[in-house]
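What you see is a predicted model, and the numbers here were worked out from it, not measured in a lab. Letters A, B, ... mirror the listed sequences (proteins, then strands); counts begin at 1.
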2 protein chains.
Amino acid sequence: MNMDNIITDKTANDSMESRIRDVAQELFFRQGFAATSTTQIAKEVGCTQALVHYYYRTKENLFRQIFLEQIQAALQVVGESLLSQESFDAFIEQAISLYFDALTRNPQLPFFVLEELVNNPERRRYLRENFVKKPSYVMIYMQFEARLKHEQQAGRIARIEPFDLMMTIASMTVFTFLSLPMYQDLLSRTDSQVKDYILQRKREVIRMVKKILKP
Amino acid sequence: MNMDNIITDKTANDSMESRIRDVAQELFFRQGFAATSTTQIAKEVGCTQALVHYYYRTKENLFRQIFLEQIQAALQVVGESLLSQESFDAFIEQAISLYFDALTRNPQLPFFVLEELVNNPERRRYLRENFVKKPSYVMIYMQFEARLKHEQQAGRIARIEPFDLMMTIASMTVFTFLSLPMYQDLLSRTDSQVKDYILQRKREVIRMVKKILKP
DNA sequence: ATCATATTTAATAACCCTATTAAACAAGGT
DNA sequence: ACCTTGTTTAATAGGGTTATTAAATATGAT
């Protein structure tokens, strides 16, 4: 592998290594870990299956790399939203909007993460070791908690546990995208109708959360 | 297969056929379709793998049977909750409570249904043909819609689209259980703590939905 | 006791899967 | 031109997978 390569943006790089990574990601997203084979990945890339193993040695390895990157990117969005210095209401609005936009760009992400965490204790352990323990991620939550408590003491918003607020926002955001294939298919919606639906749902979620937060 | 069998309750019946079904359900729930093999099912039942195919011919067949039963049972709960003749607020409270209780008894159900519907267009088509079209299920939704509109015209609750209200309740209920393994594992909670958490979350969801519905 | 019917097993065909190995091929440096 | 290093392929070991088949075993009815 050429480590002198100036281009480090993996998505822009079209080397075999990154093409395998990209195709693998797409297939893991669509089908999950168990239903995706290295043979299928190779076929879709247009190389031999041995090459997939040459670069990543095992399927589990390839998966983990993608998995961590995705989780990291997702947590990044959550972290950034907390940097807002505006009023709490504006911050909540901005945060929800940011989540919706991030997931609109990557609608399969919630399911991908869920699938591999729900029925895989080993991966949850891996996640706990690599992220939840990390001070930076603990800090993000504590910051959110402090800010909420502060607003409550000032009487500007209603009493609600920080964890409950977080879960409520996560629920409504994530579930919108989890149920999207059902929405589209069962109600026979076009892609453009789905886009409108997401925007409309975003507005509605913001409205509802604001109402919940009213003192 | 003995069709004269008086016992029709499948869970109480310990014939090989139903034992296979029960074990298969447990494994499909825990691991999903792709990660579960008929060999594993047979091993857990204590019979040969050929027997699994003798009764159900294909793995897909066995899966579908379980899948339909579960969806049917889930929709049953939704339907029943609408029979309530109490005030709208009481009805909402009762409905959410019912969903939470149903899922507490069967916490893997949301993920099981999701897993197989999200990345399987073929199963979504199957579901649409078998359920969404059925007049009884259309009726359930229309009943809910009519009742909500009626309350709104009377000025007793705030303006909100029936679909949005339904999605909101579904989001918060379903997501609680989807995220349960993460909650338990990442925060190192005991089973009893998890139980308390579910109850607490149920109360909170009811409280929030009521607040959203306030005029 | 016999016979039909239902249940269960052993054996196997015909795959597909992961991972490794050795050999072929490219490209750049000297 | 040659050698080194990195890339890619063909071949294959050693599994596991679904599904079918024929043969063995139970069960119940007559």
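The side chain of A:Thr39 places no N or O atom within less than 4.0 Å of a non-bridging phosphate oxygen (OP1 or OP2) of C:dC16. For C:dT8, the OP1/OP2 oxygens have no side-chain nitrogen or oxygen of B:Thr48 closer than 4.0 Å.
Take A:Val138 and apply the side chain to side chain contact (heavy atoms under 4.5 Å, CB included) test, not counting sequence neighbours, and it matches A:Met142. When the ring pair (Phe, Tyr, Trp, His ring centres under 6.0 Å) test is applied to B:Tyr56, no partner is found at least two apart in sequence or on another chain. Under the rule for a side chain to side chain contact (heavy atoms under 4.5 Å, CB included), the partners of A:Thr36 that lie at least two apart in sequence or sit in another chain are A:Leu27, A:Phe28, A:Gln31, A:Gln40, A:Ile41. Residues passing the side chain to side chain contact (heavy atoms under 4.5 Å, CB included) test with A:Asp164, sequence neighbours excluded: A:Ile160, A:Glu161, B:Gln200, B:Arg201, B:Glu204.
Rounded to whole angstrom, the span from the CD atom of A:Gln40 across to the P atom of C:dC15 amounts to 19 Å. B:Leu51 has its CG atom 6 Å from the C1' atom of C:dT8, to the nearest Å. Distance, A:Ile41 CD1 to C:dA19 P: 11 Å, rounded to whole Å. Put simply, CD1 on B:Ile20 is 11 Å from P on C:dT7, counting in whole angstrom units. Atom P of nucleotide C:dT20 and atom OH of A:Tyr55 are separated by 17 Å, given to the nearest angstrom. Computed from coordinates, the A:Leu62 CG to C:dC17 P distance equals 15 Å when rounded to whole Å. Counting to the nearest Å, the C1' atom of C:dT18 and the CZ atom of A:Phe63 are 17 Å from each other.
Sorted by first and then second residue, the pairs that involve residues 41-60 of chain A and meet salt bridge (Lys or Arg N to Asp or Glu O under 4.0 Å), not counting sequence neighbours, are A:Glu60-A:Arg64, A:Glu60-A:Arg123.
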Is there any protein nitrogen or oxygen under 3.5 Å from a nitrogen or oxygen in nucleotides 19-23 of chain D, and what are the pairs?
from   : atom 1 : to      : atom 2 : distance (Å)
D:dA19 : OP2    : B:Lys59 : N      : 2.8
D:dA19 : N7     : B:Gln49 : NE2    : 2.9
D:dA19 : N6     : B:Gln49 : OE1    : 3.1

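With distances taken from any side-chain atom of B:Cys47 to the nucleotides C:dT9, D:dT17, C:dT8, the minimum falls on C:dT9.
The pair A:Glu69-A:Arg21 meets the salt-bridge criterion, since a charged nitrogen lies less than 4.0 angstrom from a carboxylate oxygen.
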